[in-house]
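Take a look at the structure set out below.
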Amino acid sequence: MASSAELHQRRSAAVARGVSSMIPSYVSTAGGGTMTDVDGREWIDFAAGIAVTNVGNAAPKVVEAVKAQVERFTHTCFMIAPYEQYVAVCEQLAELTPGDFEKRSALFNSGAEAVENAVKIARHATGRPAVVVFDHAYHGRTNLTMALTAKVMPYKQGFGPFAGEIYRVPMSYPLRDGRGGADAAAYAIGQIEKTVGASNVAAVLIEPIQGEGGFVVPAEGFLPALAAWSKAAGAVFIADEIQTGFCRTGEWFASSHEGVEPDLITTAKGIAGGLPLAAVTGRAEIMDSVHPGGLGGTYGGNPIACAAALASIETMRELDLAAAARHIESVARPRLEALAAKHPAIGEVRGRGAMLAVEVVIPGEDSAAGPAPDPVLTGAVAKAAHELGLLLLTCGTYGNVIRLLPPLIISDDELDRGLSLLEQAFSSI
Ligand SMILES: *Cc1c(COP(=O)(O)O)cnc(C)c1O
């Protein structure tokens, strides 16, 4: 097998520079809570490929289902010749997503594509143009989703012009806005009413816990207030659960923590154990407002990806991975809080289930909104963690959040080793 150094050289001459990698090591195998690189080094996995391999890499049921499907047929295009696997995934989505009402789903390839389609559907159903999004939001990298995403560097810089009729309002961010949920919602709603106009709003689009934006958990009451306002305004409330979905936060979907029943939900990442699949699921009358042929795509709901999704969902049910996520929180949160007590640079520990983060700040220094972020220290800790063999991601508008996204099947021993490496990384800086 070629070494990472050799592969890196080949890469530099063949792969576009704009596609970058967090670590310089190339993967050989991965499974459980670990990954092994081509140089024979073992890593503890606190990334899960960005909250994708919730059931683990090469999860046994997923491998079996993919093999069986590949041997039967690989592609017909659901728009040409339909197949059961697509229908079965949509049935599962109707059952698992919050809300006891008639639902329909449409399947796509990537999260961004799901978000684009949710916006298309909301505009079609309402006959209105405007889409409301939030500070720190991340919804993807295609043209429409770049407009929906907040952060300019690296996602948007130089890639405009962007799509129109997108309006950004303040997000509830307890560490930085000091507002309760109802208060933050009233502020955001006031902005929507004054600057967009309730009757123009097709959709309010929000991540129930923000992912790339910094694992921001809105104050209690924020999400329900926005959902209620959307309903009264005749706007579609869309929860982007692409990162929070499929047991990650200790529930099947994060909207459930506050009893929110979104009109539409976008899913992707955790849905299919690593195969590319995404979905829009929601109220039948909204979804079915679109004329036949108005939604689709060549690969959307590919049979192999659907087979993987069905096996992943079965694994989540059998192993009760929502409970596993809560268990991960019960182990990791006290360790992170102890770490925060030791390092004043940790301004906050937050998150839900196996979606946990620490926000790194400059102790005693204030910014325009809350404690001054420390992206330099954050980067140094992440780099130290990588050198120690821990796959660890950062995020946040200010680049100062360290996030934990282990696969939900990680063992207690692997989790403990990963947390020890994180503690070591902090102490070494
Ligand atoms: C990752 C992500 C997306 C985009 O998904 P892709 O599959 O990368 O296109 C959209 N929304 C959220 C919340 C995400 O975390």
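Whatever order the structure lists them in is the order used to number ligands and atoms, beginning at 1.
Looking only at protein heavy atoms, the nearest one to atom 4 (C) of ligand 1 is Ala112 N, 3.7 Å.
Of the candidates Thr266, Asp240, Thr149, the one placing a heavy atom closest to atom 12 (C) of ligand 1 is Asp240.
Residue Ser110 touches ligand 1 through backbone and side chain together, judged by heavy-atom distances below 4.0 Å.
Residue contacts with ligand 1: Glu207 is placed with no nitrogen or oxygen under 3.5 Å of a nitrogen or oxygen of the ligand (distance criterion only). Annotation: Lys269 places an N or O atom under 3.5 Å from an N or O atom of ligand 1; distance criterion only. Looking at ligand 1, you won't find any N or O of Glu212 less than 3.5 Å from one of its N or O atoms. For ligand 1, the polar-atom distance check finds an N/O of Gly111 within less than 3.5 Å of one of the ligand's N/O atoms.
Residue pairs that meet the ring pair (Phe, Tyr, Trp, His ring centres under 6.0 Å) test with at least one member in residues 270-309, sequence neighbours left out, are His75-Tyr299, His124-His291.
For atom 8 (O) of ligand 1, no protein heavy-atom neighbour is present inside the 4.0 Å cut-off.
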Please walk me through it: do Ile410 and Asp45 pass side chain to side chain contact (heavy atoms under 4.5 Å, CB included)? CA-CA 8 Å; Ile410 194 169; Asp45 182 7; over 6 Å; no
Do Glu212 and Arg403 pass the salt bridge (charged side-chain N to carboxylate O under 4.0 Å, His left out) test, and can you show the C-alpha distance, the side-chain angles, and the key distance before you say yes or no? CA-CA 9 Å; Glu212 310 303 300; Arg403 57 172 154 171; 2.9 Å; yes
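A cation-pi arrangement is absent between Arg350 and Phe215, since the terminal nitrogen or guanidinium carbon is not both under 6.0 Å from the aromatic centre and inside a 45° cone about the axis.
Expressed to the nearest 0.5 Å, how far NZ of Lys383 lies from CE of Met22 amounts to 13.0 Å.
Arg141 approaches Ala112 most closely through the heavy-atom pair N-CB, 4.2 Å.
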